[in-house]
Amino acid sequence: MNYLDNCATTKPDPDVLNTFNTVNTTYFYNPSSPHGKGLEANKLLESARDQIKKLLGLKHQSVIFTSGATESNNLVITGMARSKKQFGKTIITSKLEHPSVLETVRALEDEGFNIKYVKFNEDATIDLNHFKSLLNQDVVMVCLMHVNNVMGAIIPIKDIHDLIQDYPKIHFHVDCVQSFGKLPIDASLMDSFVLSGHKFNGLKGQGILVFDQLVTVTHTLFGGGQEYGFRSGTVNVASDVSMAKAMRIALNEQEVIIERMRQFKRMIETKVEQYPGIRVNSVGNGAPHIVNIAFIGVKGEVIVNSFSKRGIMISTTSACSSKRAKLNETLTALNVPDDTITGSVRISFDKYTTETDIESFVKAFDEIYEEMKELLTQ
Ligand code: PMP
């Protein structure tokens, strides 16, 4: 089997699993318990938090452990918007965001917020002039993703950070799920950002929210007051400690892995772009681990199945939206023609991807192209 769907999830690193098991066996205690073992568990938790702060180079920001990026995005966007309501009601985001951002801002619209969507150019770069034109004194939040999970396009965090400096009310929130371990992240440029463990060889159900103005945010989850009162619920020490481990491993290895993934991306893109009826949607200077190509005129599901039958796991656009009937929102927002959107598939890598995986993909591509070529719109 060749697994090439690492944007959907990655295989857990055995060291991360070991840490999870060890902590769950030895420190299964509740870190809020006042007895000696509870205190020990709490100490372990806090040392994982400190380690994460060091790894991310955080100075004044807090780290909150959550169940993943969906929860982190919901908590921070809703909480921050509500706490800023008296200062302004406009939120800037884009149609390319993950549903955990898009659906959250849509819900905020029902509470009276104005949602403005910044335009993107056809090559998936953000239209910074349009972004500038959306800025005014009513804007309280900007929510954007660092790396797009469908196309791999990267947004220039520094440019956006610089553009909002004249608007001190704006909270700049970034979804860094697809960039951590694949690109450098400069935490000082963002007011908050989220990571998800299972995207960098950690485990599902583990994530963090990094936050600069914790004291000012409205709480949306009520209970025992864990995680500074912001994320109530018994803290999962084993998950959080093993996530810190996954982060350390990912950052230690990232230089070598990025270069290898970049080569794989180039190999696939330069191979398939020569074929009539195939379009490379992903951009050459995008994130190193994402390739997006369209078999124009053929359904993406058919292509995914054909690869799957040959033992190669790829995806139609993104796992979060692939079960929805409508056309992929990211590609629609980029004005990609409908027959190209329906035929689009995503191939994504991680540290376990090998040259053999890529060779198998290329071989299968040739066979599938042969089978489908009469159906392709050229
Ligand atoms: N944001 C992005 C960009 C993602 O790719 C994903 C996962 N598909 C999420 C958020 C949600 O992450 P989680 O699975 O941790 O809830």
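Positions are given from 1, in the same order as the sequence printed here. Just so you know, ligand 1 is whichever comes first in the structure, and atom 1 is the first atom listed for that ligand.
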Determine, step by step, whether F361 and F264 satisfy the ring pair (Phe, Tyr, Trp, His ring centres under 6.0 Å) criterion, reporting the C-alpha distance in whole Å, the side-chain angles of both residues, the deciding distance to 0.1 Å, and the verdict. CA-CA 11 Å; F361 173 86; F264 294 160; over 10 Å; no
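Every atom of ligand 1 is numbered from 1 in the order shown, and the set under 4.0 Å from a heavy atom of D175 is 1 (N), 2 (C), 3 (C), 10 (C). The distance from ligand 1 to the heavy atoms of G68 drops below 4.0 Å at these ligand atoms: 15 (O). Every atom of ligand 1 with a heavy atom of M145 under 4.0 Å away is listed here by number and element: 3 (C). Proximity to K199 (heavy-atom distance under 4.0 Å) selects the following atoms of ligand 1: 5 (O), 6 (C), 7 (C), 8 (N).
The distance criterion of under 3.5 Å between nitrogen or oxygen atoms is not met by S67 with respect to ligand 1.
For the side-chain hydrogen bond (donor to acceptor under 3.5 Å, both in side chains) test, no residue two or more places apart in sequence or in another chain qualifies with E259.
Each of N24, N236, L44 was compared with V241 under the side-chain contact (heavy atoms from CB on, under 4.5 Å) criterion, and only L44 meets it.
Remark: among candidates H198, Q178, H98, the nearest residue to atom 9 (C) of ligand 1 is H98, based on non-hydrogen atoms. Within the set L96, T70, N148, the minimum heavy-atom distance to atom 11 (C) of ligand 1 is found for T70.
Under 4.0 angstrom from ligand 1, there are no non-hydrogen atoms of E71.
Between D162 and K158 there is a salt bridge, since at least one side-chain N of the basic residue sits less than 4.0 Å from a carboxylate O of the acidic one. By the 4.0 Å N-to-carboxylate-O rule, R260 lies too far from E253 to be salt-bridged with it.
Here the side chains of T340 and N281 are in contact, with some heavy-atom distance below 4.5 Å.
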